[in-house]
Structures are given as structure tokens and as C-alpha cells.
Number of protein chains: 2
Amino acid sequence: MARKAPTNLEYALLGLLHAQPQSGYDVRKTFATTAIGNYSSSPGAIYPALRRLESNGLVTGKIDSSTELRPRKVFAPSRKGRAVFRQWLQADFTPEDVAKKFDDLMLRLAFHGVLDDLAATRDFLRVLATETDRYIEDLEDQLRQFPEQTPIQPRLALGSGIEQYKAAARWAHQSVKKLTEDGS
Amino acid sequence: MARKAPTNLEYALLGLLHAQPQSGYDVRKTFATTAIGNYSSSPGAIYPALRRLESNGLVTGKIDSSTELRPRKVFAPSRKGRAVFRQWLQADFTPEDVAKKFDDLMLRLAFHGVLDDLAATRDFLRVLATETDRYIEDLEDQLRQFPEQTPIQPRLALGSGIEQYKAAARWAHQSVKKLTEDGS
DNA sequence: TCGCACATGTAACGTGTTACATGATTCA
DNA sequence: TGAATCATGTAACACGTTACATGTGCGA
């Protein structure tokens with residue numbers, strides 16, 4: 001065994017199927033119209049990913065012929081799929097994740113509700129907040145270490161990143177507070 | 001002809017070579033230690049990309065045997081490479097770019113200095129600022145359209161995105177102001 | 001002598017992109 | 001009749017990831 005970990009797209013699909021069993025076409029619409037991750041809604045990505053999930057036993061597909069249109073294939077997570085998904089949600093994350101894969105962490109957060117454990121979400125956000133604070137210092141160091149004559153454009157680009165991470169940090173701290181207040 | 005457009009990694013390499021002709025190993029170090037894009041420093045990405053640039057005539061490589069270590073291959077942009085790079089910097093961008101490829105735009109901004117035209121950078125930021133404002137409204141609409149019973153986690157995840165884009169918008173507007181003041 | 005920094009590369013693999021194919025139903 | 005929407009899929013392709021290969025010089 002020791003199967004390879006699912007890709008982010010596969011986790012995103014698994015998450016959507018947790019909320020509501022649905023077809024590939026349905027999730028394509030979701031990807032096309034909402035800001036979830038930034039996953040492509042291209043059929044060449046979605047359908048093969050659903051196939052992989054199915055052949056790994058993480059979802060089960062059933063043909064729904066009840067409609068008069070072309071039959072839909074509706075997928076739902078299996079018990080194993082649910083277990084794998086929960087483990088992904090609860091996995092530790094590293095400083096590198098904050099620096100390079102912030103979006104992945106937001107994807108996990110978006111689906112954190114399936115754990116049905118606000119304390120877990122609060123802890124997640126707490127770690128995120130402190131790691132983000134740390135990374136901001138890192139970025140500010142990089143800005144300081146730019147040589148004197150560095151033109152303004154790279155400074156601006158880095159500055160944009162810093163401002164965005166600062167906003168994320170404020171948001172994370174505030175969210176922890178919010179969850180602590182109405183969660184206890 | 002009608003060559004395929006370079007990848008972002010290739011543009012990033014081209015940009016670094018504009019600042020200073022250097023070897024693959026040199027750029028790997030840069031990628032490994034700075035926040036430039038989030039490009040990987042893996043040799044399996046860098047060396048083939050440099051090869052592609054070379055075979056498309058965008059950079060030229062010269063063996064530098066002056067050191068006693070294993071000889072380095074130092075790359076520099078060609079005339080054609082410089083032209084292609086400038087065109088990339090000046091290309092229009094779409095709302096989709098702001099929504100899904102903000103990082104790419106920051107990469108372009110970081111290298112905008114090679115245009116040596118502060119007015120161009122200011123215009124770039126102006127468009128970026130207004131498009132970002134627009135996208136924020138989009139995201140806030142999505143948040144409002146969440147059904148009543150939506151759990152808090154997806155709201156938080158979307159909220160994080162909104163806060164980050166708001167920070168980016170403030171930064172962009174402020175940068176325009178800064179460039180207008182000391183640029184005229 | 002062991003390992004690390006320098007320096008460049010290759011091979012297998014998996015995944016996403018793009019473009020195409022198919023076919024039914026609904027509406028103008 | 002033709003176009004749009006529903007719905008699923010495949011094939012070619014290119015790129016990045018991971019892991020491996022190779023070889024020198026230097027410091028412990």
C-alpha cells in the first residue's frame with residue numbers, strides 16, 4: 001500500500017463531495033464560479049482526478065439515470081475517503097507552507113468544518129497566526145537587506161507581499177479571538 | 001516561427017539575467033534564499049529552462065573556465081531576449097490575472113525597472129489598483145451570497161482572501177501616489 | 001578520509017492545459 | 001435548423017518534482 005498522497009485538487013474534490021455528493025459537472029460549475037482555491041474547472045483535470053479518487057477507494061461513483069438527460073455520475077466520499085480527508089485537515093504545517101503554500105492552508109481551513117470541532121479550527125488559526133508573524137519578519141529582513149541602489153520596483157513588489165501577509169496575520173489573530181469568545 | 005510564450009520560470013530567469021549575467025547555479029541560490037516568485041530552485045527545473053531559453057535564442061551561454069573549479073556556464077540575455085522580456089513587462093493584464101495570477105503580476109512588477117520608465121510602472125500600478133478594487137467587490141458579493149447556515153470556516157477562508165486583496169489595493173493606491181509625487 | 005560546497009546535468013513520473021469528441025435535450 | 005446547455009470523456013503535450021549521477025577542491 002503506502003499510497004501516494006492525493007493532490008490538492010483531489011482534496012478539494014473530496015471536500016466538496018463531503019458537503020454534497022455530486023457529479024463532475026457540478027464541481028466544475030463550482031470551480032468556475034467561486035473563488036475556491038484557484039482550481040481549474042477544465043474537464044481534463046476534474047474527470048481524471050475523480051477517477052483516481054475512485055480507483056484509490058476514496059470516493060464511490062453511482063450512475064444516476066433518474067433524469068432524462070445524459071446520465072450523471074454522482075460521487076460520494078467513502079469511509080476511507082473521509083478518514084484520509086480528516087487526516088489532511090489535521091496535519092501539522094510547516095513555516096514553508098506559510099511562505100509558499102498559503103492558499104493550500106486556506107483550502108484546508110475552508111473545509112475545516114467537517115471536523116466539527118471549533119477548538120481544532122482555533123488551534124489551526126493560532127499556529128497560522130504565529131507562523132505568519134514570523135514570516136513577516138523574514139520578509140522585512142529581506143527588504144532591509146536590499147542593497148542601497150536597488151530600484152523601487154522590487155521594493156514595491158516585496159512590499160506588496162509584506163502588506164498582504166500583515167493583513168493575513170491581523171485576520172488570523174482576530175479570528176482566533178472571535179472563536180475564543182463565542183466558542184467558550 | 002510564432003514561438004510559444006515562455007513560462008513564468010523562464011521570464012524569471014530572463015529577468016535575473018538582465019540584472020546580472022550568471023550561471024544556473026547562481027540563480028538557484030537566489031531562488032533558494034529570496035522570496036522571488038515562489039520558484040523552485042531544483043536543478044531539474046532550472047537547467048532545462050535555461051536550455052530552452054538558449055535554443056529559442058533568448059539567452060546566450062558562455063563557458064567561463066577562468067575559475068579552477070568545474071567550469072561555469074554563464075548566461076546573458078540576447079537582443080531578442082531583451083525585446084521579448086520588455087514585451088512581457090508591458091503586456092496588458094486582465095481581471096482574471098488579478099484574481100488568479102496576482103503573483104505573476106508581482107513578478108512583472110519586480111522586474112519593471114528594466115523598462116527604466118517610472119510612468120509605465122505607475123500606469124501598471126494604477127490599473128492594478130482599480131482591478132483589485134473591482135475584484136474585492138466580487139469576493140464580498142460571494143461572501144454575502146453564502147447561504148445562512150454556512151459554517152464559519154469557509155467564511156473565514158474567504159475573509160482572509162478579502163483582507164489580503166484589500167491590503168494589496170491599499171498598497172497599490174499608495175504606491176501610485178508615491179510614484180506620482182517623486183516622479184513629477 | 002569524510003563530507004560539504006561548487007556546478008551541471010539526466011530520467012522517470014505525474015499532473016494540468018488545451019483541444020477535441022460525443023450525444024441528448026431545449027429553445028429560438 | 002442551429003445554437004446553447006447538460007454531461008462525460010480522451011489524447012497530445014509540456015512542465016515541474018523527485019531522485020540520481022558525476023566530478024573538483026577545500027576544510028575538519
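The analysis underlying the following values was restricted to heavy atoms, covering all of them including side chains, and did not include hydrogens, waters or symmetry mates. Per chain, numbering begins at 1; letters A, B, ... match sequence-line order.
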Rounding to a whole Å, what distance do you find between A/Y47:OH and C/dA21:C1'?
14 Å
Among residues 97-106 of chain B, which ones have heavy-atom contacts with DNA chain D below 4.0 Å?
none
Given D/dT8, C/dT8, C/dG14, identify the nucleotide with an atom nearest to the side chain of B/R72.
C/dT8
Rounded to the nearest angstrom, tell me the gap between atom CD1 in B/I63 and atom C1' in C/dA7.
11 Å
Does any residue of residues 20-39 of chain A have a heavy atom under 4.0 Å from DNA chain D, and if so, which ones, in number order?
A/S23, A/G24, A/Y25, A/R28
Protein-nucleic acid N or O pairs under 3.5 Å, nucleotides 16-20 of chain C:
unit_1 : atom_1 : unit_2 : atom_2 : d
C/dG16 : OP2    : A/R52  : NH2    : 3.2
C/dT17 : OP2    : A/S40  : OG     : 2.9

With A/D123 via salt bridge (Lys or Arg N to Asp or Glu O under 4.0 Å) - residues at least two apart:
A/R126
Between P of C/dT15 and OH of A/Y11, the distance in whole Å:
12 Å
A/H18: partners by side-chain hydrogen bond (donor to acceptor under 3.5 Å, both in side chains), with sequence neighbours left out:
none
Which residues satisfy the side-chain hydrogen bond (donor to acceptor under 3.5 Å, both in side chains) test with B/D97, sequence neighbours excluded?
B/T94
What residue pairs, at least two apart or across chains, pass side-chain hydrogen bond (donor to acceptor under 3.5 Å, both in side chains) with a residue in residues 150-163 of chain B?
A/T121-B/Q153, B/S160-B/Q164
Is A/K4 paired with A/E10 through a side-chain N to carboxylate O contact shorter than 4.0 Å?
no
Does any pair with a residue in residues 130-141 of chain A pass salt bridge (Lys or Arg N to Asp or Glu O under 4.0 Å), and if so which ones, sequence neighbours excluded?
A/E131-A/R134, A/E140-A/K166, A/D141-A/R144
Residue pairs fulfilling ring pair (Phe, Tyr, Trp, His ring centres under 6.0 Å) with at least one residue in residues 117-143 of chain B, sequence neighbours excluded:
B/F93-B/F124, B/H112-B/F124, B/Y135-B/Y165
Distance, rounded to the nearest Å, where A/K4 contributes NZ and D/dT18 contributes C1'
11 Å
Pairing residues for B/Q22 by the side-chain hydrogen bond (donor to acceptor under 3.5 Å, both in side chains) criterion, not counting sequence neighbours
none
Using side-chain contact (heavy atoms from CB on, under 4.5 Å) as the criterion, list what pairs up with B/A172, not counting sequence neighbours.
B/A129
What residue pairs, at least two apart or across chains, pass side-chain hydrogen bond (donor to acceptor under 3.5 Å, both in side chains) with a residue in residues 42-51 of chain B?
B/S40-B/S42
Which atom of A/N8 lies closest to which atom of A/L107, heavy atoms considered:
O-CD2, 4.0 Å
Could you give the CD1-to-P distance, from B/I46 to D/dC15, as a whole number of Å?
14 Å
